[in-house]
Colleague: 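Take a look at the following structure, please.
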Amino acid sequence: MQMDFSYKVTWLHKINPSLKFIIIIILFIHLLMIHNINFIINYMLGMTILYLFFTGHPWKRLLIISIPFILIFLTSSTSMIFFGKGEITWIKWGLVHITEESFFRGLHLGFRGIIFATLGIIFALTTRPVYLFYSLMQQLKLKPKYAYSFMAAVRLIPIMIEETQTLHYALKVRGVQNHKGFVGFYKKLKSYSIPMLSQSIRKAYRIAIAMEAKRFSDTVNRTYYYQLGFSKFDMIFMFYFVIMILVSYYAAINHPYFSILDVRDNG
Amino acid sequence: MTTIASITNMRLKFPGVESLLFKDFSLSLNKGEKVLILGPSGSGKSTLLQVLTGLVPDAVEIPMKAEEKIIPESWGFLFQDPDTQFCMPYVDEEIAFVLENLQTPREQMESSIHYYLHQVGLTFDNIHTKIQTLSGGMKQRLAIASVLALEPEVLFLDEPTAMLDPKGTQSVWDTLKDIGKDKTVVIVEHKIEQIVDFVDRIILLNENGEIIADGSKRKIFDQYKHVLIEQGIWYPGVWDEYIQVNRKEFPISNKVNEKPNLHLAEFAGYREKSKKIDVKEADAYPGEWITVLGPNGAGKSTLLLGLMNLIKTKGSYYILDQNHRKIKNFSDYVSFVFQNPEFQFITNTVFDEVAYSIQLEDWSEEQVLTRVNQLLNLYQLEAHKQKHPYQLSMGQKRRLSFAAAIIKEQPILLLDEPTFGQDAKNTFAILEQLERLRLQGTTVIMVTHDLQIVNHFATKVWYISNGKLVEECSASNYTKNNQKQPAMS
């Protein structure tokens with residue numbers, strides 16, 4: 001089985017991976033401090049533009065990937081909406097108690113979840129693991145030992161996907177019957193994980209020996225095939241967020257969708 | 001002559017194993033020699049190569065000591081499995097990894113990469129090609145290219161073609177012979193047909209890790225042939241001798257007045273919505289042994305998956321006059337043996353593994369016990385009954401996967417290269433078992449690259465090319481027509 005995962009290289013791909021990584025971490029932390037639902041809605045729009053138009057992946061793939069986003073949104077917002085506290089009751093039905101405050105708090109939480117997911121997926125879709133680890137070694141002085149172990153592990157993933165397929169066939173051939181419920185799940189997990197683990201451990205061991213046979217050692221003095229530096233795209237990336245955040249904030253203050261400034265306030 | 005690598009009175013022991021793998025073992029290799037190390041599995045051949053390179057104990061921590069040890073100044077190591085010797089996803093990055101380790105300046109890397117690829121005869125439109133898309137033979141040649149980047153004096157080759165088809169094997173050995181001419185080469189291999197004319201010294205080990213013989217290949221072939229046979233080495237002429245000794249005659253299948261076990265018409269198999277195999281019409285009768293031949297990627301394995309109802313199919317497919325769509329439990333009629341036996345094991349002991357399929361049905365405990373013991377006996381596994389399947393040796397695992405597959409005596413048995421990577425002894429044992437089943441009336445359908453099997457065991461050939469069954473003929477006709485271009489397909 002060959003998986004096609006080709007994409008167009010856009011400016012998002014050309015950003016220094018370490019810088020991208022750090023900026024995204026900062027954005028994650030900043031996000032936690034936003035409590036204005038208007039702000040977060042604008043923020044989300046800004047992220048969506050980046051996700052839809054600049055990752056260089058085909059539409060179909062982007063849409064498929066966004067399915068779990070909706071799931072994240074639904075699960076995180078509904079629990080808050082249904083069971084949160086609040087004064088202005090809209091619906092009360094048994095345990096479910098929807099209030100105006102809990103409704104907006106839920107929405108806010110859901111949107112925040114979506115932004116987290118989008119940021120993460122933008123990073124994943126536009127960063128080749130190999131470049132990320134080269135950059136981590138060059139800019140953030142990560143030890144080659146760790147960087148190359150990760151790169152070797154990434155290489156194993158497609159091989160493992162293929163093996164899962166074979167294993168699936170093999171179990172079917174042997175007439176393995178599916179049990180239902182928790183026991184069935186446990187049995188299935190066991191029948192897949194043990195052969196997969198045993199194969200993976202063996203492969204990892206062999207790769208490690210092969211790497212040492214190619215004179216890999218943990219010296220810091222190595223040369224690099226890819227030299228990753230900084231470029232104008234890093235500036236564009238930073239400016240994009242600075243401007244997006246400022247505009248979102250400005251719009252949230254001057255043209256709010258809802259008259260709520262802080263979803264934590266009770267009324 | 002100068003000694004390039006040597007070891008004197010080495011003792012080595014795997015942790016947790018009672019006996020020493022090597023006891024007072026000495027060996028010395030001279031510069032420029034082409035050495036072949038032969039020995040049964042478990043005799044420590046691979047470990048020996050790793051000791052001679054210093055990988056043991058530097059990279060692989062196995063307790064050992066030696067009075068004296070000379071390790072070559074520069075060496076390269078080629079491993080067996082094409083998928084587990086790369087740590088980078090792209091061709092250029094993989095060779096660059098070696099260059100980085102050697103601290104080659106970045107500016108020189110690209111031209112070096114082209115140079116080494118050229119040396120092993122690999123050409124790409126773009127060197128930034130995914131390793132995953134290469135064939136096994138190309139992967140091994142890429143591995144040779146990255147070994148060459150180390151500029152080694154000595155090459156250590158650990159069964160480099162064990163996982164390749166005949167075409168890949170040929171290309172890899174051609175490359176190795178070419179680049180190894182002026183180097184010292186140490187080879188561990190049990191399929192030696194391709195390399196006997198290349199090597200000039202053979203070292204024969206026994207299962208206790210002792211050297212039984214060491215000398216010119218002439219001496220070894222003259223004086224130690226019985227050892228080679230005993231150890232299952234694929235020396236040249238092993239097939240001819242087997243046929244002679246066993247007085248094997250050409251197999252005949254008697255299919256007069258019999259109904260086919262399997263009938264296909266306008267049959268097609270799909271993978272991810274695209275048609276991968278197409279069969280106009282084909283029949284398989286009881287007592288037939290059909291070998292499915294064809295180039296890599298032609299759709300041979302896909303055909304088997306289709307016959308096992310594991311992928312989406314169209315057209316008509318009848319098993320014993322029943323439409324396959326109406327069959328509830330496919331595994332009642334067809335069984336399948338995979339290339340890698342480990343993927344087939346689903347229980348924790350050898351006994352349970354064999355018993356699995358019949359325990360799912362309402363056999364009495366006594367019946368199960370008799371039948372399983374009978375098979376364990378037949379496949380020489382009774383001593384290992386309580387072991388976990390993974391603890392078995394390569395040949396034992398293969399035999400176990402057979403026993404487990406055939407216990408229900410299904411009328412059709414599908415096999416995907418079951419003799420792949422097996423030594424001569426195991427291969428003949430497998431073929432004899434299949435022959436026995438065939439004579440009992442089972443239809444055997446087997447994917448293989450081995451034309452000797454077609455010559456001596458099969459009754460019929462299905463030739464697949466470009467996703468189509470293009471030729472269906474008797475094995476004897478196929479052999480006759482192809483005698484002019486032997487060995488390769």
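To find a chain, count down the sequence lines: A is the first, B the second, and so on, and within it residues start at 1. Worth knowing before you read on, the calculation uses all heavy atoms, side chains too, and leaves out hydrogens, waters and symmetry mates.
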Colleague: I need the minimum non-hydrogen distance between S191(A) and L167(A), along with the two atoms involved.
Modeller: O-CD2, 4.0 Å
Colleague: If you count heavy-atom pairs within less than 4.5 Å of chain B, which of K190(A), M196(A), H168(A), M151(A) leads?
Modeller: M151(A)
Colleague: With a 4.5 angstrom heavy-atom cut-off, could you sort out which part of E353(B) is near chain A: side chain, backbone, both or neither?
Modeller: both
Colleague: Which bit of Q227(A) is near chain B, if near means a heavy-atom gap under 4.5 Å: side chain, backbone, both or neither?
Modeller: both
Colleague: As an exercise, state the distance from CG of L62(A) to OG1 of T55(A), rounded to the nearest 0.5 Å.
Modeller: 4.5 Å
Colleague: Check whether P89(B) gets within reach of chain A through its side chain, its backbone, both or neither, counting any heavy atom under 4.5 Å.
Modeller: both
Colleague: Does the plane of the ring in F97(B) sit parallel, tilted or perpendicular to the ring in Y148(A)? Use 30° and 60° as the thresholds.
Modeller: tilted
Colleague: Heavy-atom distance under 4.5 Å to chain B: side chain of I209(A), backbone, both or neither?
Modeller: both
Colleague: Taking only heavy atoms into account, what residues of residues 329-340 of chain B are found under 4.5 Å from chain A?
Modeller: N329(B), S331(B), F336(B), F338(B), N340(B)
Colleague: Nearest 0.5 Å, please: how far is OG in S401(B) from CZ in R174(A)?
Modeller: 9.0 Å
Colleague: Let me know if Y205(A) has heavy atoms under 4.5 Å from chain B in its side chain, its backbone, both or neither.
Modeller: side chain
Colleague: For chain A, which residues from residues 305-313 of chain B lie under 4.5 Å away (heavy-atom distances)?
Modeller: L305(B), M308(B), L310(B), I311(B)
Colleague: Look at the rings of F53(A) and W59(A) and say which category their plane angle falls in: under 30° parallel, 30 to 60° tilted, over 60° perpendicular.
Modeller: perpendicular
Colleague: Is Y226(A) atom OH crowded by more than 12 heavy atoms from other residues, nucleotides or ligands, each under 6.0 Å away?
Modeller: yes
Colleague: Just by distance, do the side chain of Q139(A) and the backbone of L228(A) share a donor-acceptor pair under 3.5 Å?
Modeller: yes
Colleague: What do you reckon, is CD of E73(B) surrounded by more than 12 foreign heavy atoms closer than 6.0 Å?
Modeller: no
Colleague: Quick one, S112(B) with Q108(B), criterion side chain to side chain donor-acceptor pair (under 3.5 Å). Give me CA distance, side-chain angles, the key distance, then yes/no.
Modeller: CA-CA 6 Å; S112(B) 299; Q108(B) 292 169 20; 5.3 Å; no
Colleague: How far apart are the closest heavy atoms of P341(B) and K397(B), and which atoms are they?
Modeller: CB-O, 3.8 Å
Colleague: Heavy atoms only, distances under 4.5 angstrom: which of S217(A), A152(A), S149(A), A208(A) has the most pairs with chain B? Name it, please.
Modeller: A152(A)
Colleague: Please flag which part of L78(B) lies under 4.5 Å from any non-hydrogen atom of chain A: side chain, backbone, both or neither.
Modeller: neither
Colleague: Go through Y51(A) and F69(A) one step at a time and tell me if the ring pair (Phe, Tyr, Trp, His ring centres under 6.0 Å) criterion holds.
Modeller: CA-CA 12 Å; Y51(A) 174 68; F69(A) 290 10; 5.8 Å; yes
Colleague: If you count heavy-atom pairs under 4.5 Å between each of L414(B), D92(B), T53(B) and chain A, which one has the most?
Modeller: D92(B)
Colleague: Answer with side chain, backbone, both or neither: which region of F86(B) has an atom nearer than 4.5 Å to a non-hydrogen atom of chain A?
Modeller: both
Colleague: Can you tell whether the side chains of R155(A) and E94(B) come within less than 4.0 Å, N to carboxylate O?
Modeller: no
Colleague: Let me confirm one number: the CZ-NZ distance from F185(A) to K188(A), rounded to the nearest 0.5 Å.
Modeller: 9.0 Å
Colleague: Under a 4.5 Å heavy-atom cut-off, does chain B meet the side chain of Y192(A), its backbone, both or neither?
Modeller: neither
Colleague: Below 4.5 Å from any heavy atom of chain A, which atoms of N348(B) appear? Answer side chain, backbone, both or neither.
Modeller: side chain
Colleague: For the ring pair F237(A) and F241(A), is the centre-to-centre distance below 6.0 Å?
Modeller: yes
Colleague: Would you mind writing out the side-chain donor-acceptor pairs for residues 114-131 of chain A within the sub-3.5 Å range, not counting sequence neighbours?
Modeller:
{"unit_1": "T118(A)", "atom_1": "OG1", "unit_2": "I114(A)", "atom_2": "O", "d": "2.5"}
{"unit_1": "T126(A)", "atom_1": "OG1", "unit_2": "K20(A)", "atom_2": "NZ", "d": "2.9"}
{"unit_1": "T126(A)", "atom_1": "OG1", "unit_2": "I122(A)", "atom_2": "O", "d": "2.8"}
{"unit_1": "T127(A)", "atom_1": "OG1", "unit_2": "K20(A)", "atom_2": "NZ", "d": "3.0"}
{"unit_1": "T127(A)", "atom_1": "OG1", "unit_2": "F123(A)", "atom_2": "O", "d": "2.6"}
{"unit_1": "R128(A)", "atom_1": "NH1", "unit_2": "E93(B)", "atom_2": "OE2", "d": "2.9"}
{"unit_1": "R128(A)", "atom_1": "NH2", "unit_2": "E93(B)", "atom_2": "OE1", "d": "3.2"}
{"unit_1": "R128(A)", "atom_1": "NH2", "unit_2": "E93(B)", "atom_2": "OE2", "d": "2.9"}

Colleague: Can you say whether Y90(B) sits under 4.5 Å from chain A via the side chain, the backbone, both, or neither, judging by heavy atoms?
Modeller: side chain
Colleague: Heavy-atom pairs under 4.5 Å with chain A: which of V60(B), V147(B), I346(B) has the most?
Modeller: I346(B)
Colleague: Would you say the side chain of M160(A) lies within less than 4.5 Å of the side chain of K203(A), judging by non-hydrogen atoms?
Modeller: no
Colleague: Among Q50(B), E342(B), Q85(B), which residue has the highest count of heavy-atom pairs closer than 4.5 Å to chain A?
Modeller: E342(B)
Colleague: Scan for salt bridge (charged side-chain N to carboxylate O under 4.0 Å, His left out) pairs involving residues 99-109 of chain B, sequence neighbours excluded, and state none if there are none.
Modeller: R222(A)-E100(B)
Colleague: Check each atom of T166(A) against the heavy atoms of chain B and say whether the ones under 4.5 Å are side chain, backbone, both or neither.
Modeller: both
